[in-house]
Amino acid sequence: MARRSVIPDTEDAKMNMTPMIDMTFLLVVFFMLTIDLSSKEFYPVDLPYATQGNEDKDKVGDVKRFVINLSGDGHVYFKTYEFDLASEDPGEQDDAIQALQDSIRQVLGNDPTLIEPDGSSKVPVMIHADWGAKWKYVQWIMQACAHPDIKIYKLQFAVKRPPGMKDK
Amino acid sequence: MALDIPEPEETELNMTPMIDIVFQLIIFFLLSLKFKTIDRRIESMLPKDRGLAPTPTFPEDFLKVKIKAFRRDMKDKNKAYTLLKIDNDANVYKLPQAWKGRLKETPDRIAQYDKIMRSMKTVVQRKMREHGGNPEEVKGEIVAPAPKGGAVPHGDIIQVLNIFLELGMIDVVFEGAATPLTSRERSARAKAGK
């Protein structure tokens, strides 16, 4: 059975764009404000758990820290550099640590405002390591930081709060 | 003099390109949005006076509670486990075999792991009290004897460190893996021109 459908005349209908544009701009502003580019320096790892960690917030005046990432298979990621500590050959492992030291020294530079009166560096280093990374690799990284040419003594271990733990 | 101003026609701004750009911006921010994965950190200071020089022996006149960590059955990934010992107690604490990390483990095994840590904490606390009970005067010592101790997972060491910190023992000594080459081996290697 044929039926004549009634199609409304759409020629002159115009959508009012203003509310949509308003909302869209709000979204843009929201994303701009919440974006945290600093998280880009973290390599994705399974962090160890600890109840005693402090909140990862810098106080005013704190020097910006370095993040040294250590993956479960022994790769170190620092800034744009990558080093492999898991080699079978102790000589190559040693080279990797030396290279890490050199790159830390290079990134650290010679800025006198970053040096404490006693000669040590004000820059903290965060060791952002996988729970399964071998402990000796972490120790090597600590030794590299404490090297007399670098003198970074402030360390932070990145940890995760156990699920369900309440805030202090 | 009268000017003949033409009546303005109905002009309309073309919104389409602007909306396109704004959507592109939204998509960019959406994709680059990544929530922070860490929320906690343990802060520490390395000993300033020592530098790279290893401390050969730990002065015996310090009050301390020592936890030793070993890695056992490393050849088989499904059997490897961490063994912990407090001072010279006969008791050893065997962490679950083939531990795959909290994210991948079953609740049973996580509970088992936590139970071991809690019982270790009571022992450490008892030892600390035997040393006078002031947590700041008693050092914690974490020893991972080379060569196998170096293979203990970082997460297990952090858990042990956490025991000390929970008890207020903020002075913790790490002892263990040396650098892959001794300084003598390093200079010999440099001389050989490798």
Side-chain angles (χ1 to χ4, degrees), chain A residues 17 20-21 24-25 27-28 30-32 34-37 39-40 42 44 46-56 70 90-91 93-94 97 118 120 124 126 128-140 142-143 145-148 151-162, chain B residues 12 15 18-19 22-23 25-26 28-30 32-48 50-52 69 71 99-104 114 144 146-147 149-159 161-162 164-166 174 176-181 185-186 189 194:
Chain A
M17 293 286 207
M20 189 185 77
I21 294 166
T24 317
F25 273 124
L27 270 176
V28 169
F30 167 74
F31 283 123
M32 278 184 78
T34 53
I35 194 168
D36 183 8
L37 289 170
S39 61
K40 287 263 187 272
F42 295 122
D46 281 356
L47 289 174
Y49 283 72
T51 56
Q52 294 298 299
N54 300 323
E55 210 171 331
D56 184 37
L70 175 61
Q93 290 180 320
D94 201 69
I97 297 168
D118 65 357
S120 66
M126 166 167 274
H128 187 256
D130 195 279
W131 74 270
K134 288 185 182 172
W135 171 239
K136 64 178 169 189
Y137 301 154
V138 180
Q139 286 193 313
W140 292 345
M142 294 201 285
Q143 284 167 345
C145 293
H147 191 274
K151 290 188 176 158
I152 289 178
Y153 299 114
K154 289 180 189 163
L155 281 192
Q156 303 166 351
F157 293 105
V159 293
K160 232 184 187 160
R161 191 165 39 159
Chain B
E12 254 178 43
M15 294 285 202
M18 188 185 74
I19 294 167
V22 171
F23 274 127
L25 273 176
I26 288 193
F28 165 74
F29 284 121
L30 256 176
S32 56
L33 182 75
K34 201 174 126 199
F35 290 104
K36 267 193 152 184
T37 50
I38 54 164
D39 55 355
R40 301 269 143 171
R41 64 190 189 197
I42 294 177
E43 285 169 46
S44 70
M45 283 292 279
L46 292 173
K48 278 191 186 178
R50 307 244 167 80
L52 258 194
R71 193 75 178 155
W99 180 254
K100 290 192 284 292
R102 272 168 200 269
L103 288 178
K104 292 178 194 147
D114 289 343
V152 174
H154 171 59
D156 293 341
I157 300 282
I158 291 288
Q159 286 282 317
L161 176 65
N162 196 50
F164 286 135
L165 295 178
E166 276 183 349
F174 296 127
T179 42
L181 294 182
E185 282 170 336
R186 189 177 302 137
R189 193 164 170 270
K194 273 187 190 172

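Here is the naming used below: chain letters follow the sequence lines, and residue numbers restart at 1 for every chain. This one's a predicted model, so the numbers in the text were calculated from it and none came from an experiment.
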Practice prompt. Can you see which heavy atom on A:W135 is nearest to which on B:A144, and at what distance?
Written response: CD1-CB, 3.9 Å
Discussion item. How close do A:D46 and B:K104 get, counting heavy atoms only, and between which atoms?
Written reply: OD2-NZ, 4.3 Å
Fill in: chain A contacts, top residue of B:L25, B:L181, B:L165 (heavy-atom pairs, under 4.5 Å)
B:L181
Worksheet entry | Derivation and outcome, side-chain contact (heavy atoms from CB on, under 4.5 Å), residues A:I21 and B:V22 | CA-CA 9 Å; A:I21 294 166; B:V22 171; over 6 Å; no
Worksheet item: Is there side-chain contact between A:T24 and B:I19, with heavy atoms separated by less than 4.5 Å?
Response: no
Discussion item. Counting only non-hydrogen atoms closer than 4.5 Å, does A:M142 touch chain B with its backbone (N, CA, C, O), its side chain (CB onward), both, or neither?
Written reply: both
Worksheet item: Who passes ring pair (Phe, Tyr, Trp, His ring centres under 6.0 Å) against A:Y49, sequence neighbours left out?
Response: none
Discussion item. So for A:L70, is it side chain, backbone, both, or neither that comes closer than 4.5 Å to the heavy atoms of chain B?
Written reply: neither
Worksheet item: Quick one: does B:N162's side chain have a donor or acceptor within less than 3.5 Å of a partner on A:Q52's backbone?
Response: yes
Discussion item. Going by side-chain hydrogen bond (donor to acceptor under 3.5 Å, both in side chains), A:T51 matches just one of B:E166, B:Q159, B:R40. Which one?
Written reply: B:E166
Item to complete: Apply side-chain hydrogen bond (donor to acceptor under 3.5 Å, both in side chains) to B:D156 and list each qualifying residue two or more places apart in sequence or on a separate chain.
Response: B:T82, B:Y113
Worksheet item: Where do A:P48 and B:G155 come nearest, in terms of heavy atoms and distance?
Response: CB-CA, 3.6 Å
Worksheet entry | Minimum-distance pair of heavy atoms, taken over all atoms of B:P180 and A:P90 | CB-O, 3.6 Å
Worksheet item: For A:M20, is it the side chain, the backbone, both or neither that has a heavy atom under 4.5 Å from a heavy atom of chain B?
Response: side chain
Discussion item. Given heavy-atom pairs under 4.5 angstrom as the criterion, report whether the side chain, backbone, both or neither of A:I97 touches chain B.
Written reply: side chain
Item to complete: May I ask you to decide if the ring planes of A:F157 and B:H154 are parallel, tilted or perpendicular, using 30° and 60° as cut-offs?
Response: tilted
